[in-house]
Amino acid sequence: MTWIYALLIGLALPLGLYMGRALDTDRHTWLDRLFGPVENVLLTLAGVDRRVSLSWWRYALAVLKLHVLLIVLVWFTFMVQGVLPLNPDGIAGMNWNTALHTAVSFATNTNQQHYSGQAELSYFSQTVAIVTLQFLTPATGLAVLLAITRTLLRKRRDTNAAESDSTETTGVGNYYVDLMRIVMRVFLPLALIVALLLSWQGVPATYDGAQRVAQLDGGSEQVIPRGPVAPMVAIKQLGTNGGGWYGPNSSVPLENPTAIANIIETIAILLIPVASLIAVGVISGRRRLMVGIGAVMIAFSLISTTLVVVSERMPNAALSGLAIADSPNLEGKELRFGSELSALWGSWTTQTSNGSVNAMHDSFNPLGGLGLMMDMFVNVTFGGVGVGLIGYLLYLMLAAFIGSLMIGRAPELFGKPLETREMRWISLAILAQPLIILGLSAITLAFPTLTGNSNPGFHGLSQVLYEYTSAFANNGSGFEGLGDATPWWNLTCVLALAIGRFLPMLVPLAVAGWLADKRTAPEGRGTLSLETGAFVGLTAGVIVIVNLLGFLPALVLGPIAEQLTLAW
């Protein structure tokens with residue numbers, strides 16, 4: 001496990017430095033000469049004036065407008081895919097509520113699937129609709145992070161009194177320029193490299209239809225779905241998307257055929273989220289702050305991963321009395337990967353908003369399932385591309401408010417006063433998670449005909465809780481014993497998906513815009529420093545306490561009670 005962390009950091013360091021230079025709109029490098037001409041042509045064709053810097057609310061409006069348009073187009077595509085091209089297997093259109101859920105799910109970087117990919121989506125839907133969203137939605141998260149970095153985090157070179165007293169409204173950047181840079185300079189090159197590596201390992205990359213082969217025992221013909229799988233898997237992992245080409249995701253040998261492919265896909269889950277910390281440090285100049293945030297994230301990651309790995313090393317209680325009763329828990333796992341690599345993937349995929357799987361999470365031991373849910377409750381261990389660090393900034397703002405009061409200072413952040421308007425919205429963005437998850441879970445469990453859970457008692461509660469947690473955290477993985485392809489699950493998850501994506505992402509952007517218009521107070525002896533070890537610890541404590549207070553009762557009724565039942 002240690003060597004995989006080391007490999008991850010070794011790859012993320014140079015990538016982060018590259019991203020810091022490639023995505024900084026205030027710095028001109030050789031990358032502008034390489035990518036600039038193509039970007040300029042595409043932006044001109046789209047009618048975008050790259051010189052315009054948008055206010056925070058126009059930037060947010062641009063994000064929402066594009067996503068609403070994409071959702072409508074993709075929703076329609078899924079429903080009429082039966083008459084569209086690139087459908088060699090003759091797959092019919094989706095029903096309206098499953099199509100809506102799928103469109104919103106992929107447009108929110110969640111990729112929660114209430115369908116089986118290879119059986120219910122055509123090649124056109126997979127490559128034109130799904131893969132397009134898998135590029136644009138993580139790029140949007142990173143774009144909003146760049147806007148916040150420029151507005152709130154970047155150290156100002158000139159700190160004279162005139163500038164400090166200025167209250168002139170400033171722009172946060174151009175969403176379309178940011179989006180173009182991220183896709184062209186980061187996602188496309190990385191996805192190309194990973195897709196080639198996966199194709200080398202045997203992942204299909206073809207537009208031919210399913211292959212039909214005669215079984216060796218002379219039985220019926222076997223149909224083996226294929227398609228341009230490698231390019232889709234590459235961006236699903238790199239963009240913390242997670243939606244698999246096949247229903248069982250990366251536990252399918254065609255999607256994850258070898259040990260090398262498994263390592264590539266595992267590393268890709270965390271590669272850009274970790275590199276983003278370095279990139280923001282380069283762009284903002286706040287390297288010490290990013291080191292502190294990175295230390296908290298790595299600490300949370302190690303604790304969670306250790307818990308899940310140790311849990312899956314334990315025997316499965318259902319096998320008690322059998323000859324293999326003392327073996328690690330291999331239920332729902334590929335024997336090619338075993339318990340540890342499956343647990344590592346499960347932990348990393350829930351520490352981000354990735355949600356892809358190489359084992360079935362519903363079959364994890366109760367403590368393992370507890371670790372996966374806690375990852376999604378916290379959702380800032382590394383988080384999704386861009387939005388993970390944005391979510392951390394929400395907790396940082398709350399910690400700055402609390403810390404300022406503790407030292408007898410008026411609450412401030414980087415010298416800007418945190419006042420009622422900012423704290424009201426910060427609190428709403430943080431408290432929306434338990435309100436939505438627990439509220440929808442309670443309603444669903446109150447009406448057993450709605451739940452569709454395959455287990456009674458404690459584990460049945462965990463299945464429902466996990467599904468809504470996965471939706472709100474924009475993760476997408478599931479306890480797949482749940483019968484979730486129903487109008488109730490589709491529509492309620494749409495609500496959780498949309499609120500969980502846009503509220504925690506756009507509130508920090510609004511706060512950054514509001515703070516940018518305020519006067520900056522000069523630093524003094526009593527100024528709260530956000531780069532000290534004490535403040536790093538305070539922020540980590542706030543994250544833990546807020547999530548424990550919100551979700552501990554539900555966890556006690558779910559995985560903790562299940563574990564205690566098995567233990568006794």
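Positions are given from 1 along the sequence. These values consider heavy atoms only, across backbone and side chains, with no hydrogens, waters or symmetry-generated copies. Since we're looking at a predicted model, the values are computed, not measured.
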Going by an N to O cut-off under 4.0 Å, is there a salt bridge joining R21 and D32? no

So, R212 side chain and I224 main chain: donor-acceptor pair closer than 3.5 Å or not? no

Within the structure provided, determine whether L136 and H67 are in side-chain contact (heavy-atom separation under 4.5 Å). no

Under 3.5 Å donor-acceptor pairs involving side-chain atoms of residues 290-298, not counting sequence neighbours:
none

Polar side-chain atom of S122 near backbone of S125 as donor-acceptor pair, under 3.5 Å: yes

Side chain T349, main chain G346, donor-acceptor under 3.5 Å: no

Closest heavy-atom pair and its distance - T149, S284: CG2-CB, 3.8 Å

Using 0.5 Å steps for rounding, measure from the CG atom of L142 to the CD1 atom of I390. 8.5 Å

Relative to the ring of Y115, is the ring of F106 parallel (under 30°), tilted (30 to 60°) or perpendicular (over 60°)? tilted

Pairwise side-chain contact, V280 with R287, heavy-atom cut-off 4.5 Å (strictly under): no

Are the side chains of E221 and Q215 in contact, using a 4.5 Å heavy-atom criterion? no

Evaluate the side-chain contact (heavy atoms from CB on, under 4.5 Å) criterion for residues I269 and W345: first the C-alpha distance (whole Å), next the side-chain angles of each, then the deciding distance (0.1 Å), finally the verdict. CA-CA 9 Å; I269 293 173; W345 184 304; 3.9 Å; yes

Tell me if a side-chain donor or acceptor on T469 pairs with a main-chain N or O of L465 at a distance below 3.5 Å. yes

For a quick test of reading the model, state the closest non-hydrogen atom pair linking A143 to L179 and the distance between them. CB-N, 4.5 Å

Under a 3.5 Å cutoff, is there a donor and acceptor pairing between the side chains of S251 and N249? no

Between Q81 and N87, a side-chain donor and acceptor under 3.5 Å: no

Q112-E467 side chain donor-acceptor pair, cut-off 3.5 Å: yes

Run the side-chain contact (heavy atoms from CB on, under 4.5 Å) test on S470 and F479 for me, step by step, so that the C-alpha distance in whole Å, both residues' side-chain angles and the decisive distance to 0.1 Å come before the verdict. CA-CA 10 Å; S470 176; F479 275 6; over 6 Å; no

Decide yes or no for Q237 and N354: does some side-chain heavy atom of the first lie under 4.5 Å from some side-chain heavy atom of the second? yes

Where is the tightest heavy-atom contact between G368 and V308, given as atom of each residue plus distance? O-CG2, 4.0 Å

Q463 side, atom CD; D362 side, atom CG - distance, nearest 0.5 Å: 4.5 Å

Quick check for you: to the nearest 0.5 Å, what is the distance between K236 atom NZ and W245 atom CH2? 12.0 Å

Do we see a donor-acceptor contact under 3.5 Å between the side chains of N109 and N241? yes

Backbone of D484 reached by a side-chain donor or acceptor of H114 within 3.5 Å: yes

On the ring face of F364, is K333 found with NZ or CZ under 6.0 Å from the centre and within 45° of the axis? yes

For the ring pair Y5 and W348, is the centre-to-centre distance below 6.0 Å? yes

With a 4.5 Å limit on heavy-atom distance, are the side chains of R181 and F35 in contact? no

Are the side chain of N174 and the backbone N or O of Y176 linked by a donor-acceptor pair below 3.5 Å? yes

Does either side chain, that of Q351 or that of S347, offer a donor lying less than 3.5 Å from an acceptor on the other one? yes

Please give me the minimum heavy-atom distance between M180 and L42, naming the atom from each residue. CE-CB, 3.5 Å

Between the side chains of S339 and N329, does any donor sit under 3.5 Å from an acceptor? no

Nearest-0.5 Å distance that lies between atom OG in S477 and atom CE in M373: 10.5 Å

Apply the test side-chain contact (heavy atoms from CB on, under 4.5 Å) to residues N358 and E334: give CA-CA distance (whole Å), side-chain angles for both, the deciding distance (0.1 Å), then the verdict. CA-CA 7 Å; N358 71 348; E334 273 282 325; over 6 Å; no

Hey, does the side chain of E255 reach the backbone of Y246 with a donor-acceptor pair shorter than 3.5 angstrom? yes

Atom of Q118, atom of G247 and distance for their closest heavy-atom approach: OE1-N, 2.9 Å

Between R50 and N40, is any side-chain donor less than 3.5 angstrom from a side-chain acceptor? yes

Straight-line distance of Q433 CD to N379 CG, nearest 0.5 Å: 6.5 Å

Donor-acceptor check, side chain of R150 to backbone of D24, threshold 3.5 angstrom: yes or no? no

Of V282, I272, I278, which meets side chain to side chain contact (heavy atoms under 4.5 Å, CB included) against M19? I272

Are V74 and T102 packed together at the side-chain level, in the sense that at least one heavy-atom pair is separated by less than 4.5 angstrom? no

Tell me whether the rings of Y175 and Y59 are parallel (<30°), tilted (30 to 60°) or perpendicular (>60°). perpendicular

In terms of side-chain heavy atoms, does T110 have a donor or acceptor partner in N474 at a distance below 3.5 Å? yes

For N256 and N262, indicate whether the former's side chain and the latter's backbone hold a donor-acceptor pair under 3.5 Å. yes

Can you check whether T350's main-chain N or O pairs, donor with acceptor, with D375's side chain at less than 3.5 Å? no

Heavy-atom nearest pair, G371 first then S304, reads O-OG, 4.1 Å

How about E340 and P328: do any of their side-chain heavy atoms sit closer than 4.5 Å? no

Before you tell me yes or no, could you show the steps for D89 and R226 under salt bridge (Lys or Arg N to Asp or Glu O under 4.0 Å), namely the whole-Å CA-CA distance, both residues' side-chain angles and the distance that decides it to 0.1 Å? CA-CA 10 Å; D89 298 323; R226 296 183 297 175; over 6 Å; no

Pair Y123, V128 - check side-chain contact (heavy atoms from CB on, under 4.5 Å), show working. CA-CA 8 Å; Y123 291 176; V128 176; over 6 Å; no

Contact between Y468 and W489 at the side-chain level, heavy atoms closer than 4.5 Å - yes or no? yes

Pairwise distance CD1(I260) to CG(L197) - rounded to 0.5 angstrom: 9.5 Å

